[in-house]
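Structure first, commentary second.
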Amino acid sequence: MFLRNEWYVAGFSREFVERPVQRWLLGEPLVLYRSTSGRAVILEDRCPHRGAPLSSGEVCGESLACGYHGFTFDPSGTCIHIPGMTTIPARARVRSYTVIERWGWVFVWMGDANRADESRLPDYHWLADPGWVGGSEYLQVKANYGYVRDNLLDLTHARYVHRKTLGTAAVTDHPIRTETYGRGVRVTREMPGIEPSPFFKRMGGFTGRVDHRQRIDFTPPCHVVINTRVSSVAGSGENRSAEFYVLNALTPENERSTHYFWGLMRNFALGDESVTETQQTLNRETFFEDLAILEQQQVLLDCKPVDWKPVAIRNDGGCILAERLMDKLLAAEHDKKEQK
Ligand code: FES
Ligand SMILES: [Fe+2]
């Protein structure tokens, strides 16, 4: 079960081109394309004629022509042309999804189009803020999006999973603070006067001890923004600071697979391309380490005994709060549907 009346990231702007692309979201087949006038369009990828994928067809101006028998659909999903026919059956239409393109990412509202609410668009503005620089990439994870969310909400795993990059023993030595924040959940961990992690030694040039703060904001249904700020300890003789935003949009492909769109933005070395390359490479490697665990977790939890329950500890506070919130929202959306 997924929340439908929410914004999900469907893709990067650069993926919307005049060649249609199929992408499954929330277990539904969608076709993404860019019309000749430059509009990003998302339609149901199942032709109402014989069920062929519209993504095997081609873009004609604003519209998309099915690659099987040429039924042509405009961005509203209305069929505007059937070769050899003068009338078009009323049922010849596909679902069209509400789309907002912003900061180089494309967001889709998966529920009732009349309820699409722009004010609820998740905030990823760092992607286009001149004070920040970085890159964004895609990773497919063969695991439920909730496992990916929990991975990001409990960064103590860095000590073990990311020994070579983000690892620092300090994550397990310093407790988290968990609170509700906006529509979601915030987890904060302050680690004053610690040894910098290999990542920050390399990226920020830190040699001495640092004050390191992690702040993780989860916004339903699947948006996680991590702010990491590292600065030299006062009086250490070093005067450096570095800050990153890790932007994570975890769009369910289905119950067992996640489209993981991530961005990594920094506020220093703004003009240095080589720093961007290094940070992206390090982060990519880091996420591959997560992927290896997450995909195994999915396999093992798929066949768990009926009475198996996870053992929760203090560091799971953020995950537990997020899961409860999602359960509540899912129940509310489901109940509303039942009442109709
Ligand atoms: S299946 Fe699309 S036009 Fe026939
Ligand atoms: Fe990780």
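Order of listing sets the numbers, starting from 1, for every ligand and every atom in it. It should be emphasised that the depicted structure is a prediction, and the values quoted were computed from it without experimental measurement. Below, each value reflects all heavy atoms present in this structure, side chains not excepted, and no hydrogens, waters or symmetry copies.
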_Presence of salt bridge, R256 and D302, under 4.0 angstrom_ =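 Between R256 and D302 there is a salt bridge, with a charged N closer than 4.0 Å to a carboxylate O.
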Will you find, in the side chains of [X] and [Y], an N or O donor that is under 3.5 Å from an N or O acceptor?
X: N144; Y: Q298; answer: no
X: Y8; Y: H259; answer: no
X: D290; Y: H162; answer: yes

Taking only heavy atoms of [X] into account, list the atoms of ligand 1 that are under 4.0 Å away from them.
X: F71; answer: 3 (S)
X: A52; answer: 1 (S)
X: G70; answer: 3 (S)

*N, O or S of C47 under 2.8 Å from atom 4 (Fe) of ligand 1*: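 No, outside the cut-off.
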_Any N, O or S atom of C66 closer than 2.8 Å to atom 4 (Fe) of ligand 1_ =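 No N, O or S atom of C66 is closer than 2.8 Å to atom 4 (Fe) of ligand 1, so no.
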*Is the Y245-W126 ring centre distance short of 6.0 angstrom?*
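Ring centroids of Y245 and W126 are less than 6.0 Å from each other.
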_Any non-hydrogen side-chain atom of F107 less than 4.5 Å from a side-chain atom of P122?_
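Answer yes - side chains close enough.
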*At the Fe ion (ligand 2): angle between H162 atom NE2 and D290 atom OD1, to 10 degrees*: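 Rounded to 10°, it measures 90°.
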*Tell me which protein heavy atom sits closest to atom 1 (S) of ligand 1, plus the residue, atom name and distance to 0.1 Å.*
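Of every protein heavy atom, R50 N, 3.3 Å lies nearest to atom 1 (S) of ligand 1.
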*Show your working on salt bridge (Lys or Arg N to Asp or Glu O under 4.0 Å) between R120 and E6 and close with a plain yes or no.*
CA-CA 8 Å; R120 297 233 315 251; E6 295 284 356; 3.2 Å; yes
*Check H69 and report its N/O/S atom nearest to atom 4 (Fe) of ligand 1, by atom name.*
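That would be atom ND1.
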*Using 2.8 Å as a strict upper limit, say whether an N, O or S atom of E289 approaches the Fe ion (ligand 2) that closely.*
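Checking the Fe ion (ligand 2) against E289, no N, O or S atom falls under 2.8 Å.
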*Counting backbone and side-chain atoms alike, does H49 have an N/O/S atom under 2.8 Å from atom 2 (Fe) of ligand 1?*
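No, since none of the N, O or S atoms of H49 sits under 2.8 Å from atom 2 (Fe) of ligand 1.
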